[in-house]
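FYI, the numbering just counts along the sequence from 1.
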Amino acid sequence: SKATLKTADKRYSSLKNDYEMTFNNDTQMWLCEETDDLPTISFNFVNIGDLENHEPNSTIDILGVVREVGEVSTITAKASNKELTKREIQLVDNSRGQVRLTLWGSDAESFDGSNSPILAIKGCRLSDWGGRSVSTLSSSQIVTNPDIPEAHHLRGWYDAEGHSSQFNEFRRGESGGAGG
């Protein structure tokens, strides 16, 4: 209670919401114990094969099957000189596209890619470095094996035929990205 609700200023948000809520010194929050009527995350998925049709550095939602999982590694950020933990994952979908996803921090450390899980990611950054890739942000929401129709359809496709398919990976210099 006692938060401010106003029309969203689209210049400062990548979300597609019409309104935004701002907390202030008088705002009060309570833990909601009842989960029956809570809204679920609303996704607007972009097919991996359609990534070339979206602007680099835009924020998108993506759904894919984990095909490969890299090891956890660390890099030192140039700007802050801080050590960052990351893990690279290859995601595929039934558009026959494959894209590299970078997980950061505790998400990278705790990720379990066994049994080719389905990942739904709300709000990841689309990059054009070395071809199209996606990366989680601190605001990204990652749901493993979500109970949504799109994920069930993708799981059925992957188990039936996708696991043995060839995929087009986005590479620098390809016209159209996933053209092959």
With Glu161, which residues qualify under salt bridge (charged side-chain N to carboxylate O under 4.0 Å, His left out), at least two apart?
Arg96
Going through the distances and angles, do Trp30 and Ser1 end up as a side chain to side chain contact (heavy atoms under 4.5 Å, CB included)?
CA-CA 9 Å; Trp30 296 272; Ser1 68; 3.5 Å; yes
Does anything in residues 44-67 pair up under ring pair (Phe, Tyr, Trp, His ring centres under 6.0 Å), and if so which pairs, sequence neighbours excluded?
Phe43-Phe45
Could you pull out all residues at least two apart from Ala79 that satisfy side chain to side chain contact (heavy atoms under 4.5 Å, CB included)?
none
Shortest non-hydrogen contact from Thr22 toward Thr27
O-OG1, 4.4 Å
Could you grab the distance from atom OG of Ser133 to atom CG of Leu126, nearest 0.5 Å is fine?
7.5 Å
So how far is it from Thr144 OG1 to Leu119 CG, rounded to the nearest 0.5 Å?
5.0 Å
Atom CD in Gln28, atom CG in Asp26: separation rounded to 0.5 Å?
8.0 Å
Show the nearest heavy-atom pair for residues Ala151 and Pro146, with the distance to one decimal.
CB-O, 3.4 Å
Rounded to the nearest 0.5 Å, the OG atom of Ser127 sits from the CG atom of Leu51 at a distance of 11.0 Å
Heavy atoms only: give me the nearest Pro117-Gly113 pair and the separation to one decimal.
CD-O, 3.3 Å
Inspect the surroundings of CG in Asn115 and state if more than 12 heavy atoms from other residues, nucleotides or ligands are less than 6.0 Å away.
no
Applied to residues 54-63, the salt bridge (charged side-chain N to carboxylate O under 4.0 Å, His left out) test, sequence neighbours excluded, yields Asp61-Lys122
Report the distance from atom CG of Leu91 to atom CD1 of Ile62, rounding to the nearest 0.5 Å.
6.0 Å
Closest approach of Leu63 to Ala120 (non-hydrogen atoms, all atoms of both residues)
CD1-CB, 3.8 Å
Could you tell me which residues satisfy side chain to side chain contact (heavy atoms under 4.5 Å, CB included) with Ser164, sequence neighbours excluded, listed by chain and number?
none
Atom CD of Glu150 and atom CD1 of Ile118: how far apart are they, to the nearest 0.5 Å?
11.0 Å
Run the side chain to side chain contact (heavy atoms under 4.5 Å, CB included) test on Ile89 and Arg100 for me, step by step, so that the C-alpha distance in whole Å, both residues' side-chain angles and the decisive distance to 0.1 Å come before the verdict.
CA-CA 6 Å; Ile89 295 168; Arg100 182 179 71 250; over 6 Å; no
Hydrophobic cluster of Leu31, others only, ordered by chain and residue number, side-chain cut-off 4.5 Å:
none
I would like to know whether Val143 and Ile148 meet side chain to side chain contact (heavy atoms under 4.5 Å, CB included); could you show each step before the answer?
CA-CA 11 Å; Val143 182; Ile148 56 175; over 6 Å; no
Validation row: Arg155, Asn145 side chains within 4.5 angstrom (heavy atoms)
yes
Show me the pairs that pass side chain to side chain donor-acceptor pair (under 3.5 Å) and involve residues 84-93, at least two apart or across chains.
Thr85-Glu109, Lys86-Glu88, Gln90-Gln98, Asp93-Ser95
Considering residues at least two apart in sequence or located in another chain, which fulfil the side chain to side chain contact (heavy atoms under 4.5 Å, CB included) criterion with Ser80?
Ala77, Lys82
Spell out, yes or no, whether Trp104 and Leu101 are grouped together once hydrophobic residues are joined by side-chain heavy atoms under 4.5 Å, including indirect joins.
no
With side chain to side chain contact (heavy atoms under 4.5 Å, CB included) as the criterion, how do Asp147 and His152 come out once you've worked through the C-alpha distance, each side chain's angles and the decisive distance to 0.1 Å?
CA-CA 7 Å; Asp147 188 13; His152 295 296; 2.7 Å; yes
Under the ring-ring contact (aromatic ring centres under 6.0 Å, His included) test, which residues partner Phe167, sequence neighbours left out?
none
Got a sec, which residues hit ring-ring contact (aromatic ring centres under 6.0 Å, His included) with Tyr158, two or more places apart in sequence or on another chain?
none
With sequence neighbours excluded, give me every side chain to side chain donor-acceptor pair (under 3.5 Å) pair touching residues 67-78.
none
Whichever hydrophobic residues join Leu137 through chains of side-chain contacts under 4.5 Å
none
